[in-house]
> 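One structure is given below, represented as structure tokens, and several questions about it will come after.
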Protein chains: 2
Amino acid sequence: MNQYYKKRAKFHVAVDCIIFGFDEGELKLLLLQRNFQPAKGQWSLMGGFAEEEENIDDSAKRVLNELTGLDNVYMKQVGTFGNIDRDPGERVISVVYYALIKINEYDRELVNKHNAHWVKMDEIPPLIFDHPLMVKQALELMQRQSSYEPIGFNLLPPLFTLTQLQTLYEAINAEKMDKRNFRKKVATMDFIEKTENIDKTNSRRGAYLYKFNNKVYKKDPKFNL
Amino acid sequence: MNQYYKKRAKFHVAVDCIIFGFDEGELKLLLLQRNFQPAKGQWSLMGGFAEEEENIDDSAKRVLNELTGLDNVYMKQVGTFGNIDRDPGERVISVVYYALIKINEYDRELVNKHNAHWVKMDEIPPLIFDHPLMVKQALELMQRQSSYEPIGFNLLPPLFTLTQLQTLYEAINAEKMDKRNFRKKVATMDFIEKTENIDKTNSRRGAYLYKFNNKVYKKDPKFNL
DNA sequence: CTAATAAGTGTAAAACTAACAATTATAATT
DNA sequence: AATTATAATTGTTAGTTTTACACTTATTAG
């Protein structure tokens, strides 16, 4: 070990994940009702400790994968929570990420094993430690980013109707939008492409399915909703 | 120590500061030409290790104070950089903050002692480790935040002219603005208050000095420039 | 064939943004 | 005392974007 670093304090470092999903027209979080210590029985975010030979971003991916079985998930760092007493057990510095997942794709067995549940944003139970603050900051960050980057599509299936897309953004921002104005705006974004496919799940008439074309987006990456 | 945490890896945790200042119509960073190991002689951000009994936010404040002598400085966490090899000496996880300081108020002796220098944003020398990425992210975050929160005033003296204010925002966003449009917008923000004081530093005629009234802002916190 | 339902569509007023140049107040110079 | 130089201050118009608002269409279940 280099002389220089020798007598510096070292810290436990954890990652915590705010896992967003979109289902039944509502934004939801995947939360644990902890079936393990510490704080067994209480509600918390999914988390885990960083490991010796692992980039922190990879720790977050690993922890998310442990719960959902998913890879290649959109994740974004929210920030780091480093107050001395944030974990009453011992000092732990936590790096927080939010994840956007397609709610049909996760591994139900794993989720059951961890005793995790999807909870609507407005029905979040009391959470341990500073997890409520983490959720608040993650939501605010996600709301802001979703307005100028096309990250919302990570919450939708590959093909989606315009009604689904609008409902998603209404859920994210917790406010209704005008249907005609919304569709006018979408029509200006040529990376949101109409397909020939029609979804008849929600109407007799059926609705055209659209897809997000990332290649087209990258040519002229402007987005706002 | 709690049984639960026992065999977890522990990490060195550092903070690094991107210190913004505004001087001579330009945005600048306070950077170290390191007169200490490691990487002595090279340019870097001001940084330091987190201590055992210290919130991470307070570590950042302490490190900033060690260099500038300043307290009560506006600081914002940019994010945490946790790749295994980001510090070639040994693994160090770094929590990055940006700070906005009034460029007349810092302690010149301390700054000299650390061999720190103000560098224009477009003349930043090569920096060690992942510090260039940190600077890039800090600048982007600060630019975005400065557009919707009144943080720019932290870079100005308590009394400032509209020309100064405009030049500041032009420096932050690296783009010219129209003087009349800028002033029209400022006129709509009643928390930017005209005083009776006049500054004759830059013109024979003199320019009215304005101040930012945070109390008024808090009543109706909307800002965009 | 009727009823029910979600999908799909256009227009006009209002608000905001962007582009543009002359006048004013003052101090230094002649 | 008059002239000059300089930054500060001030409005208008055209263009663009945003908002508000309601009917028609396609389809299937009954």
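Per chain, numbering begins at 1; letters A, B, ... match sequence-line order.
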> Could you give the CD1-to-P distance, from Ile198(A) to dT28(D), as a whole number of Å?
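So the two atoms are 10 Å apart, to the nearest Å.
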
> Which nucleotide wins on minimum distance to the side chain of Arg204(A), given the candidates dT27(D), dA28(C), dA19(C)?
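Looking only at heavy atoms from C-beta outward on Arg204(A), the closest nucleotide is dT27(D).
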
> For Asn202(A), report the nucleic acid contact type (base, sugar-phosphate, nothing); a contact means any heavy atom under 4.0 Å.
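Counting heavy atoms under 4.0 Å across all strands, the contact made by Asn202(A) is with sugar-phosphate only.
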
> Rounded to whole Å, please give me the gap between CG in Asp178(B) and P in dT13(D).
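My rounded result for the distance is 16 Å.
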
> OP1, OP2 of dG8(C) versus side-chain N and O of Arg183(A): anything below 4.0 Å?
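Looking at the OP1 and OP2 atoms of dG8(C), one of them is under 4.0 Å from a side-chain N or O of Arg183(A).
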
> So, Asp122(A) and Lys120(A), do they make that salt bridge, N to O below 4.0 Å?
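No, this pair does not count.
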
> If you check the Arg205(A) side chain, which of dA29(D), dG10(C), dT25(D) turns out closest?
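From the listed options, dT25(D) comes nearest.
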
> Can you tell me if the side-chain N/O atoms of Lys200(B) get under 4.0 Å from OP1 or OP2 in dA27(C)?
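Yes, within the criterion.
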
> Can you tell me the distance, in whole Å, between the CG atom of Asn181(A) and the C1' atom of dA15(C)?
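Roughly 14 Å, once rounded to whole Å.
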
> How close or far is atom P of dT17(D) from atom NZ of Lys222(A), stated in whole angstroms?
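It works out to 13 Å between those atoms.
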
> In this structure, how many angstroms lie between the P atom of dT17(D) and the CG atom of Leu225(A), rounded?
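Interatomic distance, CG of Leu225(A) to P of dT17(D): 15 Å.
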
> Could you pick out which residue, Tyr210(A) or Lys179(B), lies toward the 5' side of DNA chain C when each is mapped onto its nearest nucleotide?
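The answer here is Tyr210(A).
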
> Base, sugar-phosphate, or nothing: which does Thr163(A) touch, judged by heavy atoms less than 4.0 Å apart?
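Answer is sugar-phosphate: Thr163(A) comes under 4.0 Å of backbone atoms only.
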
> Below 3.5 Å, does any donor atom in the side chain of Lys184(A) face an acceptor in the base of dT11(C), or the other way round?
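Under the 3.5 Å cut-off, the side chain and the base do form a donor-acceptor pair.
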
> Would you mind reading off the distance between Met177(A) atom CE and dT18(D) atom P, rounded to a whole angstrom?
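In whole Å, dT18(D) P and Met177(A) CE are 13 Å from each other.
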
> Round to the nearest Å and state the distance from Asp199(A) atom CG to dA6(C) atom C1'.
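Computing the Asp199(A):CG to dA6(C):C1' distance gives 11 Å.
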
> Salt bridge check, Glu109(B) against Lys113(B): does any charged N sit closer than 4.0 Å to a carboxylate O?
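The answer is no: the pair does not qualify as a salt bridge.
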
> Between the side chains of Asp199(A) and Thr161(A), is a donor N or O closer than 3.5 angstrom to an acceptor N or O?
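Not at all, the side chains of Asp199(A) and Thr161(A) share no donor-acceptor pair under 3.5 Å.
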
> Take the protein atom CZ of Phe182(A) and the nucleotide atom C1' of dC21(D), then report the distance between them rounded to whole Å.
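Computing the Phe182(A):CZ to dC21(D):C1' distance gives 18 Å.
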
> With nearest nucleotides of DNA chain C determined for Gly206(A) and Arg180(A) from heavy-atom distances, which residue corresponds to the more 5′ nucleotide?
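By nearest-heavy-atom nucleotide position, the 5'-most residue is Gly206(A).
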
> Kindly point out which of dG11(D), dA7(D), dG8(C) is positioned nearest to the side chain of Ala207(A)?
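The closest nucleotide is dG8(C).
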
> Of all the choices, dG11(D), dT18(D), dA8(D), which nucleotide is nearest to the side chain of Lys185(A) once you look at every atom?
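Nearest listed nucleotide: dT18(D).
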
> Can you tell whether the side chains of Lys136(B) and Glu140(B) come within less than 4.0 Å, N to carboxylate O?
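Salt bridge: yes.
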
> Which of these, Lys76(A), Gln145(A), Gln137(A), sits in a side-chain hydrogen bond (donor to acceptor under 3.5 Å, both in side chains) with Tyr98(A)?
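Result: among Lys76(A), Gln145(A), Gln137(A), Gln145(A) is the only option passing the side-chain hydrogen bond (donor to acceptor under 3.5 Å, both in side chains) with Tyr98(A).
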
